[in-house]
Amino acid sequence: MKGVGVFLRAVNLPGGRLLMADFKQVLAGAGYPGAQTVVATGNAVISAAAADGALETAIEAALARDLGGAVEVFVRDAGELAAIVAGNPFAEMAEKDPSHLVVVLLRAQPSAEAVAALQAKIKGGEVVAAGVRCLYACYFDGIGNSKLSAAMVERALKDRGTARNWNTVRRMAELTAAA
């Protein structure tokens with residue numbers, strides 16, 4: 001068993017938001033009794049044999065069964081998260097303004113061509129770079145008013161994803177390594 005980070009994409013449940021206590025309870029019912037939720041934004045750390053599509057599907061099914069809504073799940077093991085942290089091409093941004101450095105976890109490895117095409121479409125000062133099944137994005141002028149949206153990223157990369165700021169990614173890497 002190894003530490004695995006569980007990241008929820010937009011939580012779309014009928015009738016409201018997903019409470020982290022409910023998320024933890026679903027994970028326990030799915031066979032991960034030691035689940036630890038992290039921040040109130042749909043992150044958890046579990047112990048699992050593998051961080052793969054089968055685990056994502058199982059957690060998605062448990063969430064749908066227990067809470068009645070479809071929620072996409074992305075998982076990364078401790079090694080993958082360590083590689084994302086180590087591979088960050090924006091070390092200065094991570095140090096000086098980590099809340100404006102975002103990692104978009106993706107299903108597949110983004111191609112260099114798709115990332116270059118995305119960068120060319122950006123009208124503001126944002127900068128993007130590919131990582132291990134992820135995209136790093138720097139929002140120098142803030143995220144709220146940026147034209148670099150999740151939909152724009154997904155269209156350009158032809159992949160689905162879920163984004164977390166650098167502080168959360170780093171914390172999840174630490175917790176999965178310790179699990």
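Only this structure's heavy atoms are used, side chains among them; waters, hydrogens and symmetry mates stay out.
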May I ask you to decide if [Y]'s main-chain N or O and [X]'s side chain share a donor-acceptor pair within less than 3.5 Å?
X: T176; Y: M172; value: yes
X: T162; Y: L8; value: yes
X: Q36; Y: I46; value: no

Kindly give the cluster partners of L106, where membership spreads through any ILVMFWY side chain lying under 4.5 Å from a current member.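 Members alongside L106: V102, V104, V115, L118, I122, V128, L135, Y139, I143, L148, M152, V153, L157.
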Pairing residues for [X] by the side-chain contact (heavy atoms from CB on, under 4.5 Å) criterion, not counting sequence neighbours:
X: S111; result: E113, A114
X: A178; result: none
X: P33; result: none
X: E174; result: R170, R171

Pairing residues for [X] by the side chain to side chain donor-acceptor pair (under 3.5 Å) criterion, not counting sequence neighbours:
X: E92; answer: K96
X: R65; answer: none
X: E154; answer: R9
X: K147; answer: none

Candidate pair L67 and L18, rule side-chain contact (heavy atoms from CB on, under 4.5 Å), full reasoning: CA-CA 9 Å; L67 301 175; L18 173 64; 3.2 Å; yes
Search all heavy atoms of [X] against all heavy atoms of [Y] and return the closest pair with its distance.
X: V85; Y: A173; result: CG2-CB, 3.8 Å
X: C134; Y: P110; result: O-CG, 3.5 Å
X: A44; Y: F23; result: CB-CE2, 3.6 Å
X: A179; Y: G3; result: CB-CA, 3.7 Å

Which pairs with one or both residues in residues 116-125 pass side-chain hydrogen bond (donor to acceptor under 3.5 Å, both in side chains), sequence neighbours excluded? none
Write out all pairs satisfying side-chain hydrogen bond (donor to acceptor under 3.5 Å, both in side chains) with one or both partners inside residues 69-85, taking only residues at least two apart or from two chains. K2-D77, E72-R107, E72-R160, E80-R133
Looking at side-chain heavy atoms only, is the closest gap between [X] and [Y] below 4.5 Å?
X: M93; Y: W166; value: no
X: E126; Y: F140; value: no
X: E60; Y: L63; value: no
X: N43; Y: V6; value: no
X: N88; Y: L101; value: yes
X: V38; Y: T168; value: no

Within a 6.0 Å radius of atom CD on Q109, are there more than 12 heavy atoms belonging to other residues, nucleotides or ligands? yes
Take L55 and V4, measure what side-chain contact (heavy atoms from CB on, under 4.5 Å) needs, and give me the verdict at the end. CA-CA 10 Å; L55 178 60; V4 174; 3.9 Å; yes
Are [Y] and [X] connected in a single hydrophobic cluster, I mean Ile/Leu/Val/Met/Phe/Trp/Tyr linked by side-chain heavy atoms less than 4.5 Å apart?
X: F74; Y: V103; value: yes
X: V71; Y: F7; value: no
X: L175; Y: V75; value: no

Please collect all salt bridge (Lys or Arg N to Asp or Glu O under 4.0 Å) contacts where either partner lies in residues 29-39, sequence neighbours excluded, each pair once. none
When you look at L105 and I84, which way does the side-chain contact (heavy atoms from CB on, under 4.5 Å) test go after all the steps? CA-CA 10 Å; L105 302 173; I84 289 170; 3.8 Å; yes
Fit a plane to each ring of Y136 and F90, take the angle between them on a 0 to 90° scale, and name the class: parallel (under 30°), tilted (30 to 60°) or perpendicular (over 60°).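 Perpendicular, since the angle between the ring planes exceeds 60°.
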